[in-house]
Amino acid sequence: MKDTNKIFYLLLFVLALAVNFAGINVKFFTDDPGLYASIAKNLLYKKEFFQLFTYNRDWLDKPHFPFWAIFISFKIFGISVWAYRLPALLFFVVSLVYTFIYTRKYYGWEVAAIAVLILMTAQNTILSNTDARAEPYLMGLLIGSIYHIACLEERFTYKDLFFAALLTALAIMTKGIFVITAIYGSLLGQLLFQKKLKTLFRVKWLWLLALTFIFTLPEFYALYIQFDLHPEKTVFGKQNVSGIKWFLWDSQFGRFVNTGPINRKVSGSIFFYLHTLLWAFAPWCLLFYYAVFKKLKGIYQDKKQAEYYAFSGGLLLLLLFSLSRFQLPFYTNALFPLFAIITAPVCFDQLSKFGTKFRLIGQWVFVVLLPTAIIVINILLKPANNVFFILDVALFLIIIIVLITKIKEAHKKVFFLNCAAALFAGFYVCTVFYNEMVPYKGQIAAAGYASQKPFDNFHLYALTTENNIFQFYCKRPVDLVPIEQFNSFKPKGISIFYINEISMDYLKQSHADFKIIRSFVDYPKENIQLNFINRETRYKVLDHVYLITK
């Protein structure tokens with residue numbers, strides 16, 4: 001590989017890393033990160049480690065590992081949004097390391113560098129590293145466990161056994177037992193396509209299962225002492241709820257088949273993720289579809305492939321997601337390292353005449369579309385400060401000029417341009433767009449007002465559970481009063497209640513007795529509407545949130 005190409009891979013890697021970390025200190029603008037951070041904060045307040053609480057109530061919805069990681073970060077660095085995101089970003093970096101060493105093992109150094117850049121520049125990777133939930137953790141844990149299982153399949157070592165089991169257990173304690181679909185499914189596919197299925201009965205796999213179970217015991221213990229040991233607790237509106245049963249079935253498999261206590265009321269489309277990936281895995285989605293087609297064709301024609309782990313694990317879990325009715329765009333992020341590994345050879349290999357044209361068109365679409373979309377958004381948004389936008393444009397133009405003059409190979413030139421276009425869009429969203437949105441999250445302003453010294457002795461309450469940004473930014477615990485109980489509720493001393501516009505309408509219709517302390521402008525949705533982006537029409541989609549007292 002030419003030194004010029006190496007320099008560009010390194011340059012784009014550094015820029016991509018900066019873009020993915022650019023939103024580390026952006027205030028929360030969606031509810032789930034506020035919830036995760038609030039639960040971890042409550043671990044500090046309660047001096048607890050194994051039992052999870054929100055609004056001072058028992059909480060059973062996700063496994064424990066991300067909360068433990070955030071708790072440790074809060075313990076070391078203090079409670080802040082950047083300390084919340086730091087563990088997730090570190091696991092994202094872990095995913096980059098494992099994606100590189102895995103791809104290098106089967107495809108060589110340059111394809112490995114391409115796979116890492118694909119992973120770093122996928123749009124939902126960048127978005128999720130700011131709107132951090134469980135997915136950045138899973139990105140590192142899934143590809144890491146698959147890498148060590150691949151090494152273990154070739155040659156038994158205690159190191160690979162240990163890390164395969166540990167990373168698998170941590171993945172299970174992050175998202176639930178279903179993650180083994182990708183991890184063990186990748187092994188099953190590798191052995192199936194290599195016609196080595198009988199090797200599944202080797203003792204080393206039993207050791208892997210046993211050690212994984214041992215490493216997962218902290219999760220079982222935490223659930224047992226909080227729920228199974230206390231059948232009198234009311235969870236999901238009923239008693240005798242087993243935390244262990246929930247973990248083994250309801251938390252994910254029950255949710256996917258819509259039989260668990262948490263379910264979606266609507267039926268999902270089996271094609272949901274096919275069109276979702278068009279933007280979530282942009283600008284690489286079209287090449288990913290072509291790479292899957294090419295891989296399937298090679299398997300059908302019985303052509304030997306370099307490896308089958310990424311294809312088997314990634315597609316099997318994607319199929320499970322698609323068949324479920326609980327479908328959210330960020331679910332597939334955990335599979336992006338596998339998708340990047342599948343896609344990277346298509347960006348590097350010599351292809352057929354059709355493949356070469358498709359590769360060129362599939363990238364130029366986004367080279368043009370992403371910068372154009374950002375420029376249009378900026379015109380509509382009219383941000384108060386254009387410094388970051390100007391910096392973004394300047395860097396993008398410099399990269400284009402250097403690429404045109406220094407890189408000779410046409411397909412590599414387009415690949416680097418595609419990376420640059422993706423980073424241009426990602427940097428703008430993290431440094432300009434999100435910061436324009438945050439001032440319209442009334443929960444943050446309300447929490448800041450309620451945390452002032454004159455209100456130090458006031459008890460804080462929320463009337464619904466979807467107010468977790470408020471819960472996190474308040475500097476003391478917040479309790480929950482179900483809105484239907486507001487009229488009959490007798491607060492202890494002087495109290496402040498946080499409510500949104502819908503709750504305000506409910507209280508008015510029920511003729512509740514309350515006094516408004518202060519109202520705050522709020523954009524109530526998490527999905528971004530065009531009317532909000534356009535500064536001229538933004539007022540049409542804004543409402544208010546309130547602090548009230550009885």
Side-chain angles (χ1 to χ4, degrees), residues 14 16-56 59 62-97 120 125-141 144 166-167 170-171 173-175 218-219 222 333 426-427 430-431 434-435 437-438 441 443-445 447-448 450-453 456 460 468-478:
V14 172
L17 199 62
V19 169
N20 277 279
F21 274 73
I24 191 171
N25 208 34
V26 173
K27 292 181 179 179
F28 294 142
F29 49 87
T30 56
D31 191 68
D32 275 0
L35 173 63
Y36 279 38
S38 296
I39 291 172
K41 187 173 73 168
N42 286 334
L43 294 177
L44 285 176
Y45 283 165
K46 291 180 175 292
K47 298 180 180 179
E48 177 59 69
F49 187 76
F50 290 103
Q51 303 188 56
L52 304 181
F53 298 90
T54 180
Y55 299 108
N56 286 319
W59 187 78
K62 297 285 190 299
H64 288 63
F65 179 69
F67 305 106
W68 289 336
I70 300 163
F71 166 81
I72 292 169
S73 182
F74 283 173
K75 195 81 172 173
I76 297 171
F77 302 108
I79 298 171
S80 66
V81 291
W82 74 264
Y84 164 80
R85 291 190 178 102
L86 182 61
L89 287 167
L90 292 178
F91 275 93
F92 164 68
V93 172
V94 169
S95 77
L96 302 180
V97 172
M120 298 178 83
T125 297
I126 298 171
L127 298 180
S128 290
N129 281 336
T130 300
D131 188 30
R133 310 179 193 216
E135 281 60 41
Y137 296 87
L138 281 178
M139 288 172 71
L141 295 171
L166 177 63
L167 295 176
L170 293 179
M173 291 191 290
T174 295
K175 199 66 175 176
E219 181 67 33
N333 284 33
F427 185 74
C430 291
T431 59
Y434 285 156
N435 283 309
M437 183 179 179
V438 162
K441 299 309 291 184
Q443 294 188 51
I444 299 173
S451 297
Q452 294 180 102
K453 277 191 173 297
D456 279 352
L460 299 180
N468 292 297
I469 298 176
F470 175 78
Q471 183 185 187
F472 173 75
Y473 279 102
C474 284
K475 295 181 180 178
R476 57 189 186 277
V478 178

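From a predicted model like this one, the values you see are computed outputs, not experimental measurements.
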Discussion item. Over 60° means perpendicular and under 30° means parallel, so tell me whether Tyr36 and Trp59 are parallel, tilted or perpendicular.
Written reply: perpendicular
Worksheet item: How long is the span from the CD1 atom in Ile79 to the OG atom in Ser73, to the nearest 0.5 Å?
Response: 10.5 Å
Worksheet item: Are any of the side-chain heavy atoms of Ile72 and Pro87 separated by less than 4.5 Å?
Response: no
Practice prompt. Starting at CD1 of Ile24, measure out to CG of Asn129 and round the result to the nearest 0.5 Å.
Written response: 9.5 Å
Worksheet item: With side chains defined as the heavy atoms from C-beta onward, is the minimum distance between Phe28 and Phe470 less than 4.5 Å?
Response: no
Worksheet, complete the sentence: Looking only at heavy atoms, the pair that brings Ile70 and Tyr137 closest together is CG1-OH, 3.6 Å
Practice prompt. Check the pair Leu52, Leu43 against side chain to side chain contact (heavy atoms under 4.5 Å, CB included), reporting the backbone distance first and the verdict last.
Written response: CA-CA 7 Å; Leu52 304 181; Leu43 294 177; 4.0 Å; yes
Practice prompt. Look at the aromatic rings of Phe49 and Trp68 and report parallel, tilted or perpendicular, splitting at 30° and 60°.
Written response: parallel
Response to the item:
Residues Pro136 and Ser128: closest non-hydrogen pair is CG-O, 3.9 Å
Worksheet item: When rounded to the nearest 0.5 angstrom, what distance separates CZ in Phe65 from CD in Glu219?
Response: 11.0 Å
Item to complete: Test side chain to side chain contact (heavy atoms under 4.5 Å, CB included) on Phe67 and Asn42 and set out the steps.
Response: CA-CA 10 Å; Phe67 305 106; Asn42 286 334; over 6 Å; no
Worksheet item: Out of curiosity, Gln443 CD to Cys474 SG, how far, rounded to the nearest 0.5 Å?
Response: 9.5 Å
Fill in: Note, Thr130 side chain near Arg85 side chain (heavy atom, < 4.5 Å)
yes
Discussion item. Please evaluate residues Cys430 and Ile126 with respect to the criterion side chain to side chain contact (heavy atoms under 4.5 Å, CB included), reporting the C-alpha separation (whole Å), side-chain torsions for both, the decisive distance (0.1 Å), and the verdict.
Written reply: CA-CA 8 Å; Cys430 291; Ile126 298 171; 3.7 Å; yes
Item to complete: For Met173 and Pro63, work out which heavy atoms get closest and say how close.
Response: O-CB, 3.0 Å
Worksheet item: How are the rings of Phe74 and Tyr84 set relative to one another: parallel (under 30°), tilted (30 to 60°) or perpendicular (over 60°)?
Response: tilted
Practice prompt. Check whether any side-chain heavy atom of Lys175 sits under 4.5 Å from a side-chain heavy atom of Glu135, and report yes or no.
Written response: yes
Response to the item:
Scanning both residues in full, the closest heavy-atom pair of Leu17 with Met120 reads N-CE, 3.3 Å
Discussion item. When you compare the side chain of Lys46 with that of Asn56, does any pair of heavy atoms fall below 4.5 Å?
Written reply: yes
Worksheet item: Are Ile444 and Phe29 close enough that some pair of their side-chain heavy atoms sits under 4.5 Å apart?
Response: no
Item to complete: Enter the distance from Gln51:CD to His64:NE2 here, rounded to the nearest 0.5 Å.
Response: 8.0 Å
Discussion item. Side chains of Ile39 and Phe71, heavy atoms from C-beta outward: is any pair under 4.5 Å?
Written reply: no
Item to complete: Look only at the side chain of Ser95 and the backbone of Phe92, and say whether a donor-acceptor pair between them is shorter than 3.5 Å.
Response: yes
Worksheet entry | Nearest heavy-atom neighbours spanning Asp131 and Pro33 | OD1-CG, 3.1 Å
Worksheet, complete the sentence: Taken to the nearest 0.5 Å, the spacing of Leu167 CG from Leu138 CG works out to 11.5 Å
Fill in: Heavy-atom side-chain contact between Leu90 and Val94 under 4.5 Å
no
Discussion item. Would Trp82 and Leu89 count as a side chain to side chain contact (heavy atoms under 4.5 Å, CB included) here? Give the steps.
Written reply: CA-CA 10 Å; Trp82 74 264; Leu89 287 167; over 6 Å; no
Worksheet item: Between Met139 and Asn333, what is the shortest heavy-atom contact and its length?
Response: CG-O, 3.3 Å
Fill in: Main-chain N/O of Tyr473 paired to Gln471 side chain as donor or acceptor, under 3.5 Å
no
